[in-house]
Amino acid sequence: MVRRIARTALAATLLLVIATGLAVTIIPRFLDRRYYEGPRSDHYDGARFFNPDGDDTMAPPAGGSRGGFLWRQLTGSDDRPAWPDRVAVTPARPPARVAGTRMLVTWIGHATVLIQTQGLNILTDPVWGARAGPFGFGPRRVAAPGVRFEDLPRIDLVLVSHNHYDHLEQATLKRLWQRDRPTIVTSLGNDSVIAQTGARAMALDWRGGVQIRPGVRVAVTRNHHWGSRWFADRNRALWSSFVVQLPAGGNLFFAGDTGFGDGQWPAEAAALGPVRLALLPIGAFRFVPGQMASGAHIGPAQAALVFERLRAAHALAIHWGTFRLSYEARDTPPRMLSAAMKCLGRTGFDAVAIGRTIEVPPATIAPPSPPPTTTPAAMLACLDTPAVRALR
C-alpha cells in the first residue's frame, strides 16, 4: 500500500513537472500571438507596431508598477469616486435606413455608435456584452446598450479601431456577421482576431483605404494608442482612426481610442475633406486625482483640441460613462468637456445620453481656415479654475 501511494505520488509529481514545463513552453507562445507579419515601416519594426511620434503608453498611467496599478483597479483601493451600479437607459429604435445627406446618429454606449446616412448603416467598435474583458471578467457595463441588438437595423459597414476588449468584442462581431454579413474594416492584424469568430475583416495600414460603394470610401488614419488581448502580445496588431468619406455633407471621423501624441494626426484626417461629424473619446483619462490625460487616452481638454484641429463642424463625445475604466467620476468627462469648449469659444462638441438619437446637419463647405492656435498649455491654464479643480 505504501509503495502504491509512493508510486502514485511520484507519477503525479512527474505529471505536474511535465505540465509545468509544457505550460512554460506553450502558454507564452500562445498568449504572444503573431497577428500580423509584413514589411517594416515607420510604425512597424518587423515584429511589433509602435507610435512614430513617441511611445508614452507603456508606463502604468498612475505611475508605480503595472501590477500595483491593476491591483488597485481590481480592488477599488485607490479612493476613486463612486459610480452608480446602474444608469437608466431608454433604448432607441432606429429607422431601417436614412437616405440622402440626412444623418442620424445614436450613441449605443462606450465607443459603439450607429451612424445612418446615404442609405448606409455604419457601426463603430460594436460591443453589446455585459463586461469588457476575457472569460466573463473585466469592467461591468453600468448602462445598457442604447439600442437593443434585436432593434438594430441591418448593418452595412463596421469599423473596428483596435483589439482591446472594450472595442473588439468577438461575441458581438460574430452575431453581426451571422445576421448581416457587413463589410468590416480594421487595421493590420486585427483581422486575425476577428477571424476567430468566423467573420471576415479587411485589414489596412495607416493611409490605406477601400471604396465601399461609389462615392463612399473608408480611409484608415493614424492615431496614438496601443493594442493587446493578453499580457504578452502587446502591439502585435495596429490601432487606428478612420475617415468615412461621403459624397455630400462632409465626412465622418471616428477617432477610435487614442492619446494626444504629437497632436498632428487630426490634421492628417482633416486633409481628406471637411469633417461633418467627429466621434471623439473623452473618458478613461484620470488615474490619479487631478490628472487631465494619459499617454493612451485623451481627456476632455485634449479632445476639445482634437475637435479644433480637425476643423470639425460637429462632434459627439464617446468612450465615457459605460464601463468604469479609470479614476474619474462618471459625470466628470462631460462636465469638463463643457468647460473646455468654453475655453475654445466654440460650440458643436457635445455629450448626449446613451440611447439618444441626434440629427447632424451637413457641414458648411467654407474656404480653408487658418491653423488652430490653442496649445495644450493654454487649454490647461484656462481650465485651472476652482470649479474644474473640484471635479473628481
*Asks:* Given 3.5 Å as the limit, does a donor-acceptor pair link the side chain of D151 with the main chain of R148, or not?
*Replies:* no
*Asks:* Taking side chain as C-beta onward, heavy atoms only, is H319 less than 4.5 Å from H167?
*Replies:* yes
*Asks:* Any salt bridge between D262 and R222, counting N to O under 4.0 Å?
*Replies:* yes
*Asks:* Taking it one step at a time, do F253 and S241 satisfy side-chain contact (heavy atoms from CB on, under 4.5 Å)?
*Replies:* CA-CA 8 Å; F253 176 74; S241 56; 3.7 Å; yes
*Asks:* Does a salt bridge link R40 with D45, judged by any charged N lying under 4.0 Å from a carboxylate O?
*Replies:* no
*Asks:* Whether the T57 and R234 side chains hold a donor-acceptor pair (N or O, under 3.5 Å, no angle test) is what I'd like checked.
*Replies:* yes
*Asks:* Classify the angle between the aromatic ring planes of F49 and H43 as parallel (below 30°), tilted (30 to 60°) or perpendicular (above 60°).
*Replies:* parallel
*Asks:* Is E308 salt-bridged to R346, going by a charged N under 4.0 Å from an acidic O?
*Replies:* no
*Asks:* Compare all side-chain heavy atoms of L123 with those of L159 and state whether any distance is below 4.5 angstrom.
*Replies:* no
*Asks:* Decide if atom CZ of R213 counts as having more than 12 heavy atoms of other residues, nucleotides or ligands within a radius under 6.0 Å.
*Replies:* yes
*Asks:* Is it the case that the side chains of S161 and D257 hold a donor-acceptor pair, with the cut-off being a distance below 3.5 Å and no angle test?
*Replies:* no
*Asks:* Distance alone, cut at 3.5 Å: any donor-acceptor contact between the side chains of Q245 and R217?
*Replies:* yes
*Asks:* Is R236 reaching over with its side chain to a backbone N or O of A47, donor-acceptor style, under 3.5 angstrom?
*Replies:* yes
*Asks:* For residues W320 and P334, determine if any side-chain heavy atom of one lies less than 4.5 Å from a side-chain heavy atom of the other.
*Replies:* yes
*Asks:* Are M202 and T186 packed together at the side-chain level, in the sense that at least one heavy-atom pair is separated by less than 4.5 angstrom?
*Replies:* no
*Asks:* Looking only at side-chain N and O atoms, does D233 offer a donor or acceptor that is under 3.5 Å from a partner on Y35?
*Replies:* yes
*Asks:* Is the centre of the H164 ring less than 6.0 Å from the centre of the W226 ring?
*Replies:* yes
*Asks:* Tracing side-chain links under 4.5 Å among I, L, V, M, F, W and Y, which residues wind up in one group with L104?
*Replies:* V98
*Asks:* Could you walk me through whether R324 and D85 pass salt bridge (charged side-chain N to carboxylate O under 4.0 Å, His left out), step by step?
*Replies:* CA-CA 10 Å; R324 186 180 187 181; D85 290 332; over 6 Å; no
*Asks:* When you measure from the side chain of Q302 to the backbone of G259, do you find a donor-acceptor pair of N or O atoms at a distance under 3.5 Å?
*Replies:* no
*Asks:* In this structure, which one of N51, T258, N190, N163 forms a side-chain hydrogen bond (donor to acceptor under 3.5 Å, both in side chains) with W239?
*Replies:* N51
*Asks:* Would you say the ring centers of H297 and H224 fall short of 6.0 Å from each other?
*Replies:* no
*Asks:* Are Y327 and F287 close enough that their ring centers fall under 6.0 Å?
*Replies:* no
*Asks:* Do you see a donor-acceptor pair shorter than 3.5 Å between the side chains of D125 and H110?
*Replies:* no
*Asks:* Residues in ring-ring contact (aromatic ring centres under 6.0 Å, His included) with F254, at least two apart?
*Replies:* none
*Asks:* Report yes or no: does Q118 contribute a side-chain atom to a donor-acceptor pair with the main-chain N or O of V216 at less than 3.5 Å?
*Replies:* no
*Asks:* Checking R97 now: which residues fulfil side-chain hydrogen bond (donor to acceptor under 3.5 Å, both in side chains) with it, not counting sequence neighbours?
*Replies:* D156
*Asks:* Could you walk me through whether R102 and E359 pass the salt bridge (charged side-chain N to carboxylate O under 4.0 Å, His left out) test, one step at a time?
*Replies:* CA-CA 8 Å; R102 190 179 181 218; E359 182 155 0; 3.0 Å; yes
*Asks:* For R93, is the CZ atom crowded, meaning more than 12 foreign heavy atoms sit under 6.0 Å from it?
*Replies:* no
